[in-house]
Amino acid sequence: MTGLTLVLGGASSGKSDWAERLVDTMDRPKVYIATAQAFDPEMEAKIARHRSDRGGGWQTIEAPQMLTEALSSLPDGHVALLDCVTMWLSNRLLADAPLEEEIPTLLDALDTCNVPVVVVSNEVGQGIVPDNALSRRFRDLQGRLNRQIAERADRVVAVMAGLPLVLKGTLPETATW
């Protein structure tokens, strides 16, 4: 596997588990770029569950805000799982960051990354229209960001009920799902 893979899905669709299994098919050291922040006990438990399910053998980089820097620091010969770009976007939006500048910088970092990267993201465009301006802005930014990453990606996979649906590219022949 080379290049960039985008794994999309709804909440609790199995996209993170599937992306981890995809990374596990590679015979390379693994880096997990985590963007979530634990602001409450529920999120603390979710993060702990993700760590436990992942098991050993992963180097973790916490990057809830500084994602571009995390991508540029990846060691040669590794593979990275970025989970997830949706949380990063939420974090930056709530920090009132200059996203019109930061999103192109993130896309450049993905384009020039020296290792294969699997990006996990939520598909947010299949639900209802949000009832407030902040939520609509988030939905629109996330939809555009997903499209921009998909355009660059060698492989795009939608995950529904834990099952992959290839939208672009092919799955590794060695993988069993």
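For the numbers below, each heavy atom of this structure counts, side chains included, while hydrogens, waters and symmetry mates do not.
- Rounding to the nearest 0.5 angstrom, the gap separating the CG atom in Leu22 from the CG atom in Asp17 is 12.5 Å.
- Checked for salt-bridge contact, Glu100 and Arg137 meet the test: a charged N lies under 4.0 Å from a carboxylate O.
- Side chains of Leu107 and Ile149 form a contact here, defined as non-hydrogen atoms less than 4.5 Å apart.
- Checked by atom type and distance alone, the side chain of Asn122 never pairs as donor or acceptor with a backbone atom of Thr86 at under 3.5 Å.
- In this structure the side chain of Ser121 reaches within 4.5 angstrom of the side chain of Gln142, judged on heavy atoms.
- A donor-acceptor contact shorter than 3.5 Å is absent between the side chain of Lys15 and the backbone of Ala158.
- Counting heavy atoms from C-beta outward, Leu134 and Leu93 have side chains that approach closer than 4.5 Å.
- Side-chain contact between Ser90 and Gln37: absent, with no pair of heavy atoms (C-beta onward) separated by less than 4.5 Å.
- Heavy atoms from other residues, nucleotides or ligands lying under 6.0 Å from CE of Met43 number more than 12.
- Between Lys30 and Asp24 a salt bridge is recorded (basic side-chain N to carboxylate O distance below 4.0 Å).
- Trp88 has its side chain within reach of Leu106: a pair of non-hydrogen atoms, C-beta onward, lies under 4.5 Å apart.
- Residues Val118 and Met87 are members of separate hydrophobic clusters, defined by side-chain heavy-atom contacts under 4.5 angstrom among Ile, Leu, Val, Met, Phe, Trp and Tyr.
- Put simply, the side chain of Arg92 does not reach to within 4.5 Å of the side chain of Leu67, judged on heavy atoms.
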